[in-house]
Amino acid sequence: MAKQYWLLKSEPRSFSFDDLARSPKRTTCWEGVRNYQARNLLREMKKGDEAIFYHSNASPPAAVGTVTIVREAYPDAYQFDRKSRYHDASSDPENPRWLMVDVQYGAPFARALSLPELREQRALAKMELLRKGSRLSVQPVTPKEWRAVLRLAGS
DNA sequence: GCCAACGTTGGC
DNA sequence: GCCAACGTTGGC
């Protein structure tokens with residue numbers, strides 16, 4: 001099975017790429033995905049896959065580095081935590097609705113790639129991130145797009 | 001803060 | 001099954 005590539009969005013005010021660098025083992029669980037399409041993509045992730053770490057709701061919004069999937073999808077415990085903003089009262093513990101993966105810090109880009117700059121790239125014309133109205137927080141990235149992004153980042 | 005795009009909910 | 005109302009995401 002060939003390595004797959006992904007893009008993960010995070011609001012830096014909640015959890016930034018630097019926060020991941022400072023996390024124990026430079027690893028975190030990717031909790032809080034509450035969208036079925038995004039969840040289905042989490043389920044397809046394989047250990048060793050890589051993802052672009054993207055800062056949404058930032059100024060400017062930007063791709064800032066890479067992470068590696070180090071644990072494949074497992075139930076997101078926060079869905080059963082009444083105090084969590086990710087609590088989902090209608091999820092059945094016998095058949096958990098929401099999943100998460102673990103990701104590990106990979107490499108920072110030599111420079112952040114802002115959303116406007118990404119939009120200028122012809123090689124990225126069809127990238128999900130750049131589609132009008134795209135809101136998915138977990139997105140597939142083609143190998144071609146992956147290479148184009150890393151080349152642009154000078155990585 | 002505004003608002004477009006999208007997903008979900010729930011009445012019918 | 002339709003669709004209006006509502007909530008969320010996220011760029012600007």
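Note that this is a predicted model, so its numbers are computed, not measured. In the text below, chain A, chain B and the rest are named by the order of the sequence lines, each starting its count at 1.
One can place CG of Leu129(A) at 16 Å from C1' of dC6(B), the figure rounded to the nearest angstrom. Taking atom CZ of Arg135(A) as the reference point, atom P of dG7(C) lies 14 Å away to the nearest angstrom. One interatomic measurement links the two molecules: OH of Tyr86(A) to P of dG7(C), which rounds to 19 Å at whole-angstrom precision. Atom-to-atom, CZ of Arg34(A) to P of dT8(B) comes out at 13 Å; the value is rounded to the nearest Å. Atom CG in Leu7(A) sits roughly 16 Å away from atom P in dT9(C) (whole-Å rounding). As rounded to whole Å, 12 Å separates atom P of dT9(C) from atom CG of Leu136(A). With rounding to whole Å, Gln37(A) atom CD is found 17 Å from dA5(B) atom P. Going from atom CG of Leu118(A) over to atom P of dC12(C) covers 11 Å, rounded to whole Å.
Annotation: of the two residues near DNA chain B, Asn57(A) and Gly133(A), the 5′-most nearest-nucleotide partner is Asn57(A).
Tyr36(A) and Trp98(A) have tilted rings, their planes meeting at an angle from 30° to 60° on a 0 to 90° scale. Note: Phe53(A) and Phe17(A) have tilted aromatic rings, judged against thresholds of 30 and 60 degrees for the angle between ring planes.
Within the structure, a side-chain polar atom (N or O) of Arg131(A) is placed less than 4.0 Å from OP1 or OP2 of dC6(B). Lys9(A) has no side-chain polar atom (N or O) that falls below the 4.0 Å cut-off from OP1 or OP2 of dT9(C).
Listed nucleotides: dG11(C), dA4(B), dG10(C). Nearest to the side chain of Lys132(A): dA4(B). If you check dG10(C), dC12(C), dC6(B) against the side chain of Ser56(A), the one that comes closest is dG10(C). Among dT8(B), dG11(C), dT9(C), the nucleotide with an atom closest to any side-chain atom of Tyr36(A) is dT8(B). Taking the side chain of Tyr54(A) as heavy atoms from C-beta on, and the options dG11(C), dG7(B), dG10(C), the nearest nucleotide is dG11(C).
Remark: Arg71(A) is positioned above the aromatic ring of Tyr74(A), its terminal NZ or CZ atom under 6.0 angstrom from the ring centre and at most 45 degrees off the axis.
Between the side chain of Arg119(A) and the backbone N or O of Leu130(A), at least one donor-acceptor pair lies under 3.5 Å.
Side-chain contact of Asp88(A) with Ser90(A): a donor-acceptor pair under 3.5 Å is present, judged by distance alone.
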